[in-house]
Amino acid sequence: MLVETRGNNKLRSSKCSFFEAILNPQASFNGLWSLETIPKIDIKDIQNLSYNDLLKFVFKTIDVDSSLIDKALNSYKNFDNSDMPLNYNKISSSLFIQNLFTGPTRAFKDMAMQPFCSLLCDLSLIENKKYLILTATSGDTGPSTLEAIKNKPNIYGICMYPNNGTSDVQRRQMTTIDAKNIRVIAIDGNFDDAQNTLKTLLSSNEFRNFTTKRGFFISATNSVNFGRIAFQIIYHIHSYLYLLNNGCIKHNETINIIVPSGNFGNALGAFYAKLMGVPINKIIIATNANDVLCEFINKGVYDISSRHLIKTNSPAMDILKSSNIERVLFHLFGDIRTKELMESLEINKKYILNTEELLTIQQYFSAYSFSDNDVLNIIKDYASKNIIIDPHTANGILAYEKNKDVYKNHSTYIKSIVCSTAEWSKFATTISKALGQNLNDKDSIEFICKNYNLELHQNIAKLFNKNETNNIILKKEQIQDYIYSFLDSIKD
Ligand SMILES: *Cc1c(COP(=O)(O)O)cnc(C)c1O
């Protein structure tokens with residue numbers, strides 16, 4: 001069962017099933033759903049399982065044993081290798097890269113979004129309810145969500161992005177989708193405007209009434225939804241098995257998992273894996289100039305009172321409020337303390353852990369942050385070894401180097417897995433900049449393919465030949481009416 005991170009308000013049930021939490025992600029006092037108890041997993045039981053069998057095994061241990069999961073796993077068939085939705089590169093005897101971007105949009109979000117949205121659709125069909133998914137995106141969440149829900153019955157999607165605020169590739173991944181159940185809106189403003197418009201709609205009674213009257217339930221596919229998180233536990237367990245089965249580590253030898261982090265969903269998956277007993281030494285959080293998570297893990301202070309969002313060259317990590325930290329607080333310190341800390345964040349825009357709590361957090365996590373320049377330098381450095389990494393992954397590699405420096409007296413360095421969260425093709429302009437070129441997306445891609453002998457994935461290549469038909473530019477004030485007329489146009 002799942003329980004609420006801020007305790008129960010006595011107006012609803014204090015526990016719910018995995019499927020209920022997917023459909024109604026909001027818990028009491030604006031909290032989140034999380035596991036009531038965390039099962040222990042014995043490595044011997046999972047060592048020889050395929051990826052999908054590992055997933056089903058872990059889901060079974062959290063009481064999710066359903067043919068719907070088998071069906072959801074079919075979505076991994078559109079990944080590069082239909083038997084395994086990820087792969088690995090060995091960089092050195094102690095550094096491995098886990099490539100999590102082999103799905104349709106070439107970013108790690110597909111790992112969870114693909115099976116999750118398939119599940120959401122099946123649940124909506126069983127319940128015979130229509131769901132409206134609203135997203136505001138600065139780049140990667142939008143494409144991944146839309147790709148996962150396009151043409152799915154009972155699911156409707158509206159996605160808002162800041163006009164001129166994404167890369168060409170990211171925009172085209174949304175605007176070239178031609179599906180009756182999807183509308184893409186370029187908002188005349190920045191990402192904050194998009195996100196605020198979304199929040200205003202979600203909290204508006206009038207909007208709720210309108211959607212309810214027309215038979216739509218509103219749901220969310222962001223990583224506050226536990227359904228997405230669950231799928232993100234599996235690949236962290238898999239990375240341990242990969243190292244073990246390839247003779248890179250001995251039984252019970254611990255590893256580090258390094259995660260380029262934003263909303264902390266990916267890192268949270270690794271945290272659950274560690275709680276389940278996978279021998280993980282530290283989960284190392286890599287952040288960019290928006291280093292709020294880094295400050296939190298090193299000092300126990302989560303303070304956004306005087307911070308402003310900084311635009312960096314790893315935009316999917318540009319975030320101030322990392323929602324999923326709440327689930328870490330819940331598991332380590334309980335619901336009463338979590339509620340207290342989260343209320344402090346809402347009211348004072350900050351909270352502070354006591355010394356004992358900070359030490360507990362540091363048993364699980366380390367964190368480092370890096371500048372845009374650090375990122376450009378490491379991309380160039382790796383390119384000279386013929387390895388092309390995206391700027392988010394670059395932060396992860398930098399964290400590996402930094403951590404190795406800090407612990408340089410260890411005779412053998414702990415084996416580390418860096419999660420690679422995006423394919424280079426999504427952030428080609430930044431990569432070509434690191435290589436001394438000043439080019440647009442398309443020319444950067446050509447430049448990189450030619451000089452590094454890489455082939456562009458067809459899903460990215462074809463974006464430049466399609467028309468951007470699913471695109472309308474609107475002012476904030478026009479969005480509500482636009483959504484109303486979209487919903488009115490839908491015939492059952
Ligand atoms: C979403 C995203 C991240 C951040 O992941 P979180 O789970 O939000 O911490 C990092 N890199 C890329 C490329 C992403 O799309």
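Counting convention: from 1, in listed order, for ligands and their atoms alike.
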- [ ] With Phe231 as reference, evaluate Phe108, Phe59, Phe18, Phe226 under the ring pair (Phe, Tyr, Trp, His ring centres under 6.0 Å) test and give the passing residue.
- [x] Phe59
TODO: Can you sort out which atoms of ligand 1 are near Ser261, meaning under 4.0 Å from one of its heavy atoms?
DONE: 9 (O)
Task: Validation row, ring centre Tyr88 to ring centre Phe96 under 6.0 Å - done: no
Open item on the list: Taking the side chain as everything from C-beta on, heavy atoms only, tell me whether Pro85 gets closer than 4.5 Å to Met111.
Closed with: yes
Open item on the list: Just to verify, what does Phe271 make a ring pair (Phe, Tyr, Trp, His ring centres under 6.0 Å) with, not counting sequence neighbours?
Closed with: Tyr364, Phe365
Open item on the list: Is there a polar contact between ligand 1 and Pro260, counting only N or O atoms under 3.5 Å apart?
Closed with: no
Task: atom 4 (C) of ligand 1 - nearest protein heavy atom and its distance - done: Gly262 N, 3.6 Å
Open item on the list: Regarding ligand 1, does Phe108 bring an N or O atom to under 3.5 Å of one of the ligand's N or O atoms?
Closed with: no
TODO: Look at the rings of Tyr76 and Phe79 and say which category their plane angle falls in: under 30° parallel, 30 to 60° tilted, over 60° perpendicular.
DONE: perpendicular
Task: Closest approach of any protein heavy atom to atom 8 (O) of ligand 1, naming residue and atom - done: Asn263 N, 2.8 Å
Open item on the list: Check this for me, if you would: do Glu468 and Arg171 make a salt bridge, where the nitrogen-to-carboxylate-oxygen distance has to be below 4.0 angstrom?
Closed with: yes
TODO: Give yes if a backbone or side-chain nitrogen or oxygen of Asp140 is under 3.5 Å from a nitrogen or oxygen of ligand 1, and no if not.
DONE: yes
Task: Under 3.5 Å: N/O of Ala422 near N/O of ligand 1 - done: no
Open item on the list: Could you identify the single nearest non-hydrogen protein atom to atom 1 (C) of ligand 1 and state the distance to 0.1 Å?
Closed with: Lys109 NZ, 1.4 Å
TODO: Could you tell me which residues satisfy salt bridge (charged side-chain N to carboxylate O under 4.0 Å, His left out) with Lys56, sequence neighbours excluded, listed by chain and number?
DONE: Asp53, Asp70
TODO: Say whether Asn281 and Asn256, considering side chains only, have a donor N or O and an acceptor N or O under 3.5 Å apart.
DONE: yes
TODO: Examine His392 against ligand 1 and note whether any of their N/O atoms are separated by less than 3.5 Å.
DONE: no
Open item on the list: Can you report which non-hydrogen protein atom sits closest to atom 7 (O) of ligand 1, along with the distance?
Closed with: Asn266 N, 2.9 Å
Open item on the list: For atom 11 (N) of ligand 1, what is the closest protein heavy atom, and at what distance to 0.1 Å?
Closed with: Thr421 OG1, 2.9 Å
Task: Atoms in ligand 1 with a heavy atom of Gly265 nearer than 4.0 Å - done: 6 (P), 7 (O), 9 (O)
